[in-house]
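Contents: one structure, followed by commentary.
Note that these values count all heavy atoms, side chains included, but never hydrogens, waters or copies made by symmetry. As the structure lists them, so they are numbered: ligands from 1, and atoms in each ligand from 1.
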Amino acid sequence: MIGAGSARAVMSALKNGKGEEDVENIAYYNGRTGPIEEMMVPMNDRACYFGDGIYDAMFTAKHVPLSLDDHLRRFYRSADKVEIRIPMPFEALRELVLKLCAQVDSPTAMVYVQATRGVGPRGHAYRFAGESASLWAFVRPDVLDPMDRDYRCITAEDTRFLHCDIKTINLLPSVLYTQRAEARGCDEAILHRGERVTECAHSNVHILKNGVFQTAPCDNLILPGITRAHRIAQCREMGIPVLEQPFTVAEMMAADEVFFTSCSALCCRIREIDGVPVGGKDEALIRRIQRAAQDEVDREIEAFARK
Ligand code: PLP
């Protein structure tokens, strides 16, 4: 594992002019780097034919990739679950991500890593995939969803497959749900299997009821969100009871507060679902959770600067 000192050294070497120049965005594919608009990938990469790959994504604040190790650990876990061997050890990938982050001008950015099974003629079995998996990454300017506004969502039956715990690049259902939400002027789609709420198209959804933070348990029906885990840990630290137990659509509609979390949404309060007002009954508690989320980011940035 690279030491914290060397991580900082990599960043400052690049920032102080000794390294590469700042750029608007940067992408990486199997050892090549360049502006994302100029990168070319082979048509035979199995991403194109099968979506045969996994990914992870995080955000930077003040150039610091937030919860980097948590996201990279999940990236390797997703790869294990689909038997893809990421062609770089954890420490080297960590260093690569830090280098890429350091080269991008914008202090807030989205950081994306992806591994696909490799490049080879179209054929379902792994043996067509070539020698080595492909490694992709990019860093591009983006901002966190603000926590001081209210969000609107739609609901939709969750018709995804039964491996939602794996962060695969097969995102067609999420694309369709997101489009449906946008077409209705909403920010997210909340998914449910029958009455049971699972998660959103690209975030986890939670409720507050009688002072308790309730969220779906980590099984094969949801992605184990890194942000979800951080909010749970913080609530426990603050003495807020946490219940990892499924809740229904009706319970959500009647909850004191409803909110979603993801790497780009630390704790976003939902005030309308399918055109019906929701939440708004425990503003003090949700604001407390939001403040704790922001404090955690600030502490992480400070800790990074000290290393
Ligand atoms: N659920 C789904 C389906 C997602 O795509 C995401 C994020 O991309 C999340 C939950 C939230 O995960 P995280 O907090 O790790 O970003």
What side-chain donor-acceptor pairs closer than 3.5 Å can you find for residues 229-240, not counting sequence neighbours?
unit_1	atom_1	unit_2	atom_2	d
His230	ND1	Glu296	OE1	3.0
His230	ND1	Glu296	OE2	3.4
His230	NE2	Asp70	OD2	2.7
Arg231	NE	Gln234	OE1	2.9
Arg231	NH1	Leu266	O	3.0
Arg231	NH2	Gln234	OE1	3.1
Arg231	NH2	Glu296	OE1	3.2
Gln234	NE2	Ala292	O	2.7

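Note on Arg196 versus Asp219: salt bridge recorded, some NZ/NE/NH1/NH2 to OD/OE distance being below 4.0 Å.
Sorted by first then second residue, the ring pair (Phe, Tyr, Trp, His ring centres under 6.0 Å) pairs that include residues 33-54, not counting sequence neighbours, are Phe50-His124.
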Ligand 1 N/O to protein N/O, distances under 3.5 Å:
unit_1	atom_1	unit_2	atom_2	d
ligand 1	1 (N)	Glu199	OE1	2.6
ligand 1	8 (O)	Lys167	NZ	2.8
ligand 1	14 (O)	Ile226	N	3.4
ligand 1	14 (O)	Thr227	N	3.0
ligand 1	14 (O)	Thr227	OG1	2.6
ligand 1	15 (O)	Arg74	NH1	2.8
ligand 1	15 (O)	Arg74	NH2	2.8
ligand 1	15 (O)	Ile226	N	2.8
ligand 1	16 (O)	Cys263	N	2.8

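Judged by a 6.0 Å distance limit and a 45° cone about the ring axis, Arg73 is not positioned over the six-membered ring of Tyr76.
Here Ile273 contributes atom CD1 and Met252 contributes atom CE; the two are 4.0 Å apart, rounded to the nearest 0.5 Å.
Looking at residues two or more places apart in sequence or on another chain, you find no side-chain hydrogen bond (donor to acceptor under 3.5 Å, both in side chains) involving Glu38.
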